[in-house]
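Heads up, the thing below is written out as structure tokens.
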Amino acid sequence: MPNFVDPSPPGQCIFCRIVSGEIPAAKVYEDALTIAFMDIGQVNPGHVLVASKRHAVTLLDLTTEECAAVMQTAQRIAQAIGREFDPPGLTLLQANGPEGGQTVFHFHMHVVPRYAEDGVGLLWPRKEPPVAVLQDYAARLRDKLGT
Ligand SMILES: [Zn+2]
């Protein structure tokens, strides 16, 4: 997980200042709703961040349009990474809230080229509950989907 934490208040955060051009970034792409720039941490060469231009903290704060735009930009960046760096794997990582691993509280998605034994890790403690429990979770979520 990234260990940089941006303590800036909303609207003055480091990504808002990159969007406004107040601080420099190695920009890769931008459109009306999104911006993509190199992550200063560079877990692997070609590691890019795709952020919403508007200050939104988490996935839940994005509009439907922004959600679609972010994924479209992530795919374009992934294609460019494939053409230039040709990694055997690629990981998208999008963290929400401190418990979810978010360290800069302006929505962003990591597009990370991946290689065998590259040291990137995410613990994934499988619980494998009974099917009835899965059905219960699914029913509860279906009930909350809305229209
Ligand atoms: Zn911001």
Side-chain angles (χ1 to χ4, degrees), residues 1-127 129 134 137-147:
M1 284 291 160
N3 54 16
F4 171 79
V5 176
D6 179 12
S8 309
Q12 298 164 28
C13 81
I14 190 166
F15 289 176
C16 281
R17 287 185 281 157
I18 286 173
V19 169
S20 72
E22 188 184 326
I23 58 174
K27 198 188 306 179
V28 179
Y29 174 81
E30 69 179 318
D31 59 26
L33 298 177
T34 67
I35 184 168
F37 52 92
M38 304 314 294
D39 186 305
I40 57 171
Q42 289 298 287
V43 162
N44 283 316
H47 175 183
V48 171
L49 296 181
V50 176
S52 56
K53 276 193 166 170
R54 183 178 66 86
H55 184 86
V57 179
T58 73
L59 176 69
L60 300 179
D61 301 311
L62 293 182
T63 65
T64 304
E65 247 189 341
E66 287 168 330
C67 279
V70 162
M71 190 52 87
Q72 286 173 355
T73 298
Q75 187 192 39
R76 289 193 71 177
I77 296 302
Q79 289 165 338
I81 289 170
R83 290 184 195 114
E84 179 57 28
F85 295 96
D86 195 27
L90 184 116
T91 297
L92 298 183
L93 176 68
Q94 198 281 305
N96 300 282
E99 293 81 2
Q102 188 173 17
T103 57
V104 176
F105 297 95
H106 178 134
F107 176 92
H108 61 284
M109 179 180 286
H110 294 260
V111 185
V112 189
R114 296 298 310 281
Y115 301 87
E117 313 292 330
D118 65 6
V120 176
L122 174 66
L123 295 176
W124 200 262
R126 291 173 61 94
K127 306 291 194 304
L134 299 180
Y137 292 162
R140 288 162 56 188
L141 291 175
R142 280 194 303 269
D143 192 48
K144 297 296 187 300
L145 281 175
T147 52

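Both ligands and their constituent atoms are indexed starting at 1 by order of listing.
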**OP:** To the nearest 0.5 Å, tell me how far Asn44 CG sits from Arg114 CZ.
**Re:** 7.0 Å
Subject >> Sequence-distant partners of Gln72, side-chain contact (heavy atoms from CB on, under 4.5 Å), two or more places apart >> reply: none
**OP:** Identify which one of Lys53, His55, Arg17 satisfies the side-chain contact (heavy atoms from CB on, under 4.5 Å) criterion when paired with His106.
**Re:** His55
Could you pull out all donor-acceptor pairs under 3.5 Å where a side-chain atom in residues 73-90 meets a protein atom, sequence neighbours excluded?
unit_1	atom_1	unit_2	atom_2	d
Thr73	OG1	Thr34	OG1	2.7
Thr73	OG1	Ala69	O	3.1
Arg76	NH1	Tyr29	OH	3.3

**OP:** Check His55 and report its N/O/S atom nearest to the Zn ion (ligand 1), by atom name.
**Re:** ND1
Original post:
So which of the N, O or S atoms of His106 lies nearest the Zn ion (ligand 1)?
Top reply: ND1
Original post:
Looking from the Zn ion (ligand 1), what is the angle between SG on Cys13 and SG on Cys16, to the nearest 10°?
Top reply: 120°
